[in-house]
**Q** 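Below you'll find the structure I mean.
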Amino acid sequence: FLRKPSLLNSMLCCQLICCVSCAFIHRWKLNDSFILPRPGSRYSLMGGNLHISHLNKEEDVGIYQCLASNSFGTIVSREASLHVAYLENFKTQRRSPVRVREGQGVVLLCGPPPHSGELTFTWIFNEYPSFVIQDTRRFVSQKTGNLYIAKVEPSDVGNYTCVVTNTVTKTSVQGPPTPLVLRVDGVMGEYEPKIEVQFPEVVPVAKSSTVKLECFALGNPVPTISWRRVDGASFGRKVDINKASGVLEIPYFQQEDAGMYECVAENSRGRNLVKGKLSFYAAPHLTEKPQDVQKTIDDSLVWECKASAKPKPSYRWLKNGESLDPMEDRIQVNNGLLTISSLNLADVGMYQCVAENKHGRIFTNAELRVIAIAPDFSQNLLKAQTLARQGGDVLIECKPRMSPRGVISWRKGKEALREIMVLDNGSLRISNVTKLDAGIYTCVARNQFGVASSAGSLLVKEATSITSPAGHLDVTIGESIVLPCQVSHDPTLDLKFTWFFNEQLIRFGSHGVYFEKVGGRSAGDIMIRNIQLQHAGKYTCAVQTKVDSVSIATDVVVRGPPGPPVDCRVTAVTETTASLSWGPGMDNHSPILSYTIQARTPFSLGWQAVTTVPELLAGKQLSATVTDLSPWVEYEFRVLAANSIGTGEPSKPSNKSRTKETLPRVTPARVNGGGGGRSELVITWEPVPDELQSGPGFGYVVAFRPLGAQGWMQAAVTSPDASRYVFKNESIPPFSPYQVKVGVYNNRGEGPFSPVTTIYSAEEEPSRAPGRLRARSISASEVEVTWKPLPWSNNRRRILGYELRYWGEKEKQEAATVIRTVGNKTSVLIRDLEGSSTYYMSLRAYNSAGEGPQSSTVNVTTKKPPPSQAPVKIMWNTSNSKVILKWDQVHALENESEVTGYKVKRHPSVVETNNTSLELSLPVNQGYVIQIKPFSEGGEGISSRQITIPKMEAPNSISSLWFPCVCVLIMDVLKCHSRHRL
């Protein structure tokens with residue numbers, strides 16, 4: 001509890017945290033002699049702190065230690081060393097000039113004056129504040145204060161003054177100047193480095209401290225300084241190498257930083273080096289310390305004290321501030337282990353463990369109390385009531401507090417118990433309890449300091465038993481069962497039912513919807529709904545009361561479909577078969593009756609059932625041959641087992657196996673052709689799927705001949721994905737019939753050909769343009785185009801349809817819109833055109849060979865657009881079963897076509913009229929939604945908004961009722977205001 005002061009601190013503090021009721025006495029030692037503070041002396045105590053006034057560097061320097069005492073004992077603090085920092089002046093005598101040759105190295109000595117405390121050194125060149133700047137040529141050692149110049153230059157001539165600063169007192173003193181003079185006898189030649197500043201061979205470094213190594217050499221040329229570890233290890237990021245000042249700095253030194261370090265100085269004339277070892281040390285640090293204990297007389301004490309340090313620490317023990325000398329055999333000290341047996345009152349006190357090595361010392365303290373008291377039950381009374389099961393055992397505990405331990409006896413009521421089982425700790429055990437054992441029991445404790453007792457009653461209850469018999473249940477998957485747990489018990493005791501499944505607690509509610517409690521107060525039955533295979537096992541019902549517990553177990557067997565077969569493997573393959581073997585899976589308590597095999601290929605949709613030999617696989621069949629497979633296809637197989645309950649999960653798939661190759665057997669489908677360019681015969685087909693190619697190297701053989709010819713021309717197509725072949729020859733007449741067929745082949749040879757089919761060679765494109773091209777405007781957005789067709793077919797070409805191209809007068813013909821017709825149509829209706837606009841159009845025929853020549857171009861102008869205004873001021877009234885509509889005439893604008901009539905839409909019919917009124921029949925009990933829009937030769941205009949006619953309840957209910965709707969167009973938003981007038 002002592003803190004180490006600064007060098008110039010005038011107060012040493014001894015601080016102890018204690019309770020208010022403890023009175024401490026503090027004493028101090030200096031160099032093992034007690035300090036006796038007297039009135040008027042330089043020493044005084046304030047709350048345990050030692051104050052020293054007017055420090056004297058001769059009298060007050062030394063080792064201090066504080067001792068604190070009270071009624072429990074004495075402990076001592078760790079030691080603190082006091083040094084008084086000071087710095088005296090340099091001697092005033094003049095220093096002789098230092099004479100050197102240019103190019104020579106020189107050392108200027110500082111010779112600091114007497115001092116105490118850490119110093120720092122700087123040098124002044126000629127006069128303040130011109131300080132010597134350290135670089136690769138000049139170095140100031142912070143160990144000696146000397147100034148080193150590796151190679152003197154003419155600019156170095158002058159006076160040098162050493163400045164010494166005490167880092168504690170912050171005072172500085174200057175030495176006398178040292179003149180540096182160049183000799184006139186020539187320039188120094190080049191020479192190898194000479195290391196003048198070097199570190200010791202062994203440098204001990206404390207853990208977590210910072211170490212600085214200095215290294216500097218004289219030489220010509222100026223040497224370079226480098227550092228390395230002799231073991232080749234690299235420097236960590238924390239290491240700072242200042243090459244300019246020749247200092248290696250390692251902060252936060254750790255064990256891994258220890259080792260041999262090397263400084264190398266070299267120039268063009270040679271090299272030199274020095275080595276030194278950094279050794280790691282650590283003052284003791286406690287890792288295990290004794291704790292305050294309270295023991296009874298005759299008990300034993302074991303305290304252990306452990307500390308980490310390097311080198312390893314030694315241990316000693318103090319009692320009340322004095323060394324503990326084990327004069328008695330019962331006191332043993334073994335390094336940090338203190339053992340005291342047969343404790344007595346003389347052992348009471350404050351103990352301290354001291355762990356130390358040459359780098360430091362650490363203290364830890366603990367208090368030992370030895371108590372001697374009469375028996376006392378105040379903290380551990382006997383239980384007021386102890387419950388026991390009839391026929392069972394019961395333990396009544398007796399744990400009084402007393403020291404030393406005395407004698408314990410028992411009585412029942414007022415009668416002493418003699419032939420009973422009293423345990424070593426004083427507790428009473430009664431075996432095979434009966435109703436007669438009920439009563440009040442008293443424990444009596446005695447030692448040399450007194451006697452005490454405590455009493456409690458023993459109540460005997462009836463034993464709990466389970467009346468449901470242990471059983472074995474055999475069920476089928478999906479069924480629901482009840483597991484009974486009926487109990488006979490003492491009616492005064494509460495029951496707690498707990499169920500276990502295979503020794504694991506069943507938590508009702510967290511096991512899904514399977515488990516449910518169904519029992520009453522004296523029953524703990526549970527129901528298992530929709531039982532599954534995983535529910536097979538041992539179920540245990542445990543019943544617990546305050547006096548006993550019983551349990552019963554039921555084994556449940558769940559029968560279900562078989563488990564997956566195991567080790568499904570392919571043992572042999574041919575072109576179309578595969579031999580399989582497998583092992584049986586779990587039968588789940590129902591014999592396996594049959595097996596099913598399924599297969600999968602990269603081309604199939606999932607798993608498919610396959611044909612086997614034998615066809616039916618009985619329950620004991622563990623191998624089969626799969627037939628009707630496709631050659632050269634990669635297959636996977638799996639096996640499913642079935643029993644009387646159902647079919648189980650499939651086995652794991654077998655390894656992939658490929659059937660052997662063979663001649664192809666499947667020909668291409670849909671062989672056809674036709675079309676193409678001039679002098680071409682185009683033959684097409686549907687490629688054979690990969691799974692039907694029967695082997696590698698698959699391709700097609702295309703055969704063709706003119707209709708009626710004898711011999712076949714053939715061509716090979718090597719791509720298995722090909723679907724067409726084009727034969728080009730100038731001798732092929734257009735639109736001539738040919739017979740074609742397509743065969744297959746692979747590496748094993750050729751397969752069959754497809755059936756022969758007849759196709760036609762490429763036809764010629766149309767040679768003439770259609771005639772009589774006419775265009776007529778139907779409305780503002782529609783134009784009808786008609787023409788005279790060309791002959792549909794001849795022996796050189798066909799007409800498949802016509803291609804109409806149209807474009808606006810402001811557009812280029814290249815951007816024309818194209819409409820194609822199919823078949824022998826002679827007209828086209830063009831929609832979505834702009835009103836009052838001119839359009840140009842041309843027509844040409846086309847077939848599979850291409851398009852024919854263009855017709856002459858015609859033009860047409862579309863009609864004016866229809867009116868853009870909707871009907872307004874629509875009024876309607878009902879009379880009997882009719883509704884009469886009236887509205888204002890719609891007037892077309894200048895660029896619009898005149899209104900020729902109106903269309904009144906009443907779903908689902910539309911009525912046209914040339915007037916601005918209309919009478920409609922209105923059936924009873926049916927409403928209408930009506931819209932009105934104008935039309936003209938330019939087409940239909942804009943509809944009015946919807947008008948809802950409500951249904952009439954009965955005829956003549958309203959004789960004349962007008963509902964006008966005034967429509968006002970404001971900022972393009974149509975707002976309707978309705979008013980009623982009778």
**Q** Are K57 and Y86 in a cation-pi setup, meaning NZ or CZ lies under 6.0 angstrom from the ring centre and within 45 degrees of the ring axis?
**A**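 Yes, K57 lies over the aromatic ring of Y86.
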**Q** Pairing donors with acceptors under 3.5 angstrom, does anything connect the side chains of H83 and S81?
**A**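 The answer is yes; a qualifying pair exists.
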**Q** Without swapping roles, check the side chain of T144 against the backbone of S141 for a donor-acceptor pair under 3.5 Å.
**A**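 Answer holds: no.
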**Q** Between K29 and F34, is NZ or CZ placed under 6.0 angstrom from the six-membered ring centre and within 45° of the ring axis?
**A**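 Because its charged atom sits under 6.0 Å from the ring centre and within 45° of the axis, K29 does stack over F34.
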**Q** To check you understand the geometry: which heavy-atom pair defines the closest contact between C263 and W227, and what is its length?
**A**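 Looking at all heavy atoms of both residues, the shortest contact is CB-CZ3, 3.9 Å.
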**Q** Could you walk me through whether F125 and Y160 satisfy the ring pair (Phe, Tyr, Trp, His ring centres under 6.0 Å) test, starting with their C-alpha distance in whole Å, then the side-chain angles of each, then the deciding distance to 0.1 Å, before giving a yes or no?
**A** CA-CA 5 Å; F125 178 53; Y160 291 83; 4.9 Å; yes
**Q** Tell me if the centroids of the rings in Y351 and W303 come within less than 6.0 Å of each other.
**A**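 Under 6.0 Å, so yes.
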**Q** So, does S403 use its side chain to make a donor-acceptor pair with the main chain of I297 at under 3.5 Å?
**A**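 Yes, S403 side chain to I297 backbone: donor-acceptor pair under 3.5 Å.
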**Q** Does any donor atom in the side chain of D231 or Y261 lie under 3.5 Å from an acceptor atom in the other side chain?
**A**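 Checked: D231/Y261 side chains show no N/O donor-acceptor pair below 3.5 Å.
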**Q** Any Lys/Arg nitrogen of D156 or R137 sitting under 4.0 Å from an Asp/Glu carboxylate oxygen of the other?
**A**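 Salt bridge between D156 and R137, a charged N being under 4.0 Å from a carboxylate O: yes.
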**Q** Donor-acceptor check, side chain of E356 to backbone of I362, threshold 3.5 angstrom: yes or no?
**A**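 Judged by distance alone, no pair lies under 3.5 Å.
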**Q** Within the side chain of Q352, is there an N or O that forms a donor-acceptor pair under 3.5 Å with the backbone of V76?
**A**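 Looks like yes, one N/O pair under 3.5 Å.
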**Q** Answer yes or no: is there an ion pair linking K306 with E304, defined by an N-O contact shorter than 4.0 Å?
**A**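 Between E304 and K306 there is a salt bridge, with a charged N closer than 4.0 Å to a carboxylate O.
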**Q** Under a 3.5 Å threshold, yes or no: a donor from one side chain and an acceptor from the other, between N31 and S33?
**A**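 No.
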**Q** Out of the candidates H54, H51, E59, only one should pair with R42 under the side chain to side chain donor-acceptor pair (under 3.5 Å) rule; please name it.
**A**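 Among the candidates, only E59 passes.
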